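Each chain gets a letter, A, B and so on, in the order the sequences are listed, and its residues count up from 1. Keep in mind the model is a prediction, meaning the values are calculated, not measured.
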Amino acid sequence: MLNSKLNFLIRRGVAEIITEAELVKLLESGKPLRLKQGFDPSTPDIHLGHVVGLRKLRQFQELGHKVILIIGDWTAQIGDPSGQSVTRPMLSPEQIEANAQTYMKQFFKVVDKEKTEARWQSEWYDKFNLSDVFKLTSKFTVAQSLAREDFSKRYSAGRPISLTEMLYPILQGYDSVAIQADVEFGGTDQKFNCLAGRELQQMMGQPPQQVFLVPLLIGTDGSDKMSKSLGNHIGIDDPPREMYGKLMSIPDPLIIDYFELITDIPNPEIAEFSQQLATQSINPMILKKRLAHEIVTQFHGNKAALEADEHFARVFQRRELPEEMESISIGLKSASEIEVQRDITRLLVKAKLAKSRSEARRLLAQGAVDIDGQKISQESVTLKDGNVIRVGKHDFRKVKFQG
RNA sequence: GGAGGGGUGCCGGAGUGGACAAUCGGAGCAGGCUGUAAACCUGCCGCCUUUGGGCUACGUAGGUUCGAAUCCUACCCCCUCCA
């Protein structure tokens, strides 16, 4: 039956497989499979939500299968309607190209480049003419489109749905035909699109692809799926400290999900964590530190993770100054000056600690600003070289004189 | 093509001639509490300012008025029903 590796592959961090029996048969056949993963270069930055699926791809690759990465340069012009409540704006070709490059750079931080074939949709769609479009679209009905939840919701809420959006699943589906995909990967919100591929392949005489759906990772706000536009994301290009800090700020109920979906920690150990949380025999903060460490290690290496550990403990737990911080330079009239008078609101704006002077004044009034630990309320301040300006709990700048 | 409804701040959504930089909720920011969790409490939440005030903003462009988010005209966009 299933060996343990295979079991892990299709059970851990998987939402749904259509159909599992067929997929297992394919995997056991020993044939290298063509794994389809598409993306729209409309959103160039990969975050931990994407990593859930990318890690799966990696695991399949380790068993000898091949990833076909589809660069959706045509679908990006439409905008994926999945989970959207509004029509997305179209993008320029230049923007798409630039985004695709950024995306691939990040993609290969998780997925093995050597076992990946990148294909652009334009390889086949550039050749399409209107009669090809007719042939393709005639295979689907409006009722089928409206069957999907996001469309039906928008429709009944009286929100617009453009015709091109209805085209989206069909185009994505045809990609599967074009590259003869064996398995398509995606988040659960991709179910409809992936199934369209399955149907289309059958209509066009190909064996239907299997659909491998991974759960959607909840973002740092603890309520919605992780997405850049919601601002609840943790980017894989985030610097170590920031990544660590964001992970520490996730709500407790997310801890186990994160361990399951984006780390390699074995199931029994996660079960133990879960038990500890349920019985309150551990401070969840300890587990989050472990989680943060694991994930920062994945993307930045162990050394950076250790450094982030230390930085977090120092700045956020012990409320001490960070080891190094950004500086703000102050121009001097003459090198002999040892202290100067400055308007703090201007400095805060200059140092990007406040968006406007109005905001800086508000911060001041709220007691959010201090210099060397001394809370200040006056706009005019006396500064010396090496003073540390702090805004809020953890934004620091070191004053640097430049004569 | 016809009839009707609507476009307000990051989002939702009040406001239908002056007291509106615009009720309220959410998001966000700051302070308290804490585990940079949640919950909770408090304050802030357009820009500039010599703190008097000034400027920009309620789809766009004009107009009426001492005064317009609110009235008029044209235009743009969205939705619903009929065809």
Starting at the 5' end of RNA chain B and moving along, which residue's nearest nucleotide shows up first, A:K375 or A:V349?
->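 It is A:K375 whose nearest nucleotide is closer to the 5' end.
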Earlier contact from the 5' end, RNA chain B, for A:A368 and A:R346 =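 Result of the comparison: A:A368.
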If I take atom [atom1] in residue [X] and atom [atom2] in nucleotide [N], what distance separates them, rounded to the nearest angstrom?
| X | N | atom1 | atom2 | result |
| --- | --- | --- | --- | --- |
| A:K246 | B:G35 | NZ | P | 24 Å |
| A:N232 | B:A37 | CG | C1' | 16 Å |
| A:L353 | B:A30 | CG | P | 11 Å |
| A:E242 | B:U36 | CD | C1' | 13 Å |
| A:Y244 | B:U36 | OH | C1' | 12 Å |
| A:R390 | B:A30 | CZ | P | 11 Å |
| A:M248 | B:U34 | CE | P | 17 Å |
| A:R319 | B:C33 | CZ | C1' | 11 Å |

Heavy atoms only, 4.0 Å cut-off, all strands: where does [X] land among base, sugar-phosphate and nothing?
| X | result |
| --- | --- |
| A:R318 | nothing |
| A:R241 | nothing |
| A:P251 | sugar-phosphate |
| A:I250 | sugar-phosphate |
| A:G245 | base |

Glycosidic conformation of B:G17, syn or anti, with 90° from 0 as the boundary?
->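 Base orientation relative to the sugar is anti.
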Taking the minimum atom-to-atom distance to the side chain of [X], which one of [options] wins?
| X | options | result |
| --- | --- | --- |
| A:K393 | B:U34, B:U36, B:A30 | B:U34 |
| A:R357 | B:A30, B:C48, B:C45 | B:C48 |
| A:F316 | B:C47, B:A30, B:U36 | B:U36 |
| A:K288 | B:G35, B:C45, B:A30 | B:G35 |
| A:L363 | B:G35, B:C45, B:A30 | B:A30 |

For the residue pair A:H50 and A:Y103, categorise the inter-ring angle as parallel (less than 30°), tilted (30 to 60°) or perpendicular (more than 60°).
-> perpendicular
Atom [atom1], compared across [N] and [M]: separation rounded to whole Å:
| N | M | atom1 | result |
| --- | --- | --- | --- |
| B:A57 | B:C10 | C1' | 15 Å |
| B:G62 | B:G54 | P | 23 Å |
| B:G7 | B:G59 | P | 8 Å |
| B:C77 | B:G63 | P | 24 Å |
| B:U70 | B:A83 | P | 36 Å |
| B:G52 | B:A61 | P | 34 Å |
| B:G9 | B:A69 | C1' | 12 Å |
| B:U42 | B:U60 | P | 37 Å |

Determine whether the side chains of [X] and [Y] contain a donor N or O and an acceptor N or O closer than 3.5 Å.
| X | Y | result |
| --- | --- | --- |
| A:Q172 | A:E184 | yes |
| A:N193 | A:Y168 | no |
| A:S380 | A:Q341 | yes |
| A:T382 | A:E339 | no |
| A:D182 | A:Q210 | no |

Short side-chain to backbone donor-acceptor contact, A:D238 and A:G235, under 3.5 Å |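 Looks like yes, one N/O pair under 3.5 Å.
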Within the side chain of A:N387, is there an N or O that forms a donor-acceptor pair under 3.5 Å with the backbone of A:K398?
->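 It does not hold such a pair.
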May I ask you to verify if any side-chain N or O of [X] is less than 4.0 angstrom from the OP1 or OP2 atom of [N]?
| X | N | result |
| --- | --- | --- |
| A:R361 | B:A30 | no |
| A:Q317 | B:U36 | yes |
| A:S356 | B:C47 | yes |
| A:K355 | B:G46 | no |

Go through residues 297-308 of chain A and report each residue with a non-hydrogen atom lying under 4.0 Å from RNA chain B, sorted by number.
-> none
Contacts of type salt bridge (charged side-chain N to carboxylate O under 4.0 Å, His left out), residue A:E307, not counting sequence neighbours | A:R241
Pair [X] + [Y]: basic N to acidic O under 4.0 Å:
| X | Y | answer |
| --- | --- | --- |
| A:D370 | A:K375 | no |
| A:D343 | A:R357 | yes |
| A:E199 | A:K139 | no |

Please confirm whether any donor atom in the side chain of A:Q366 sits under 3.5 Å from an acceptor in the base of B:G31, or the reverse.
->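 Not at all, since no donor on one side and acceptor on the other fall under 3.5 Å apart.
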RNA chain B stem ranges, 3 or more consecutive Watson-Crick or G-U pairs under 3.5 angstrom | B:1-7 with B:76-82, B:10-12 with B:24-26, B:28-32 with B:40-44, B:46-48 with B:53-55, B:59-63 with B:71-75
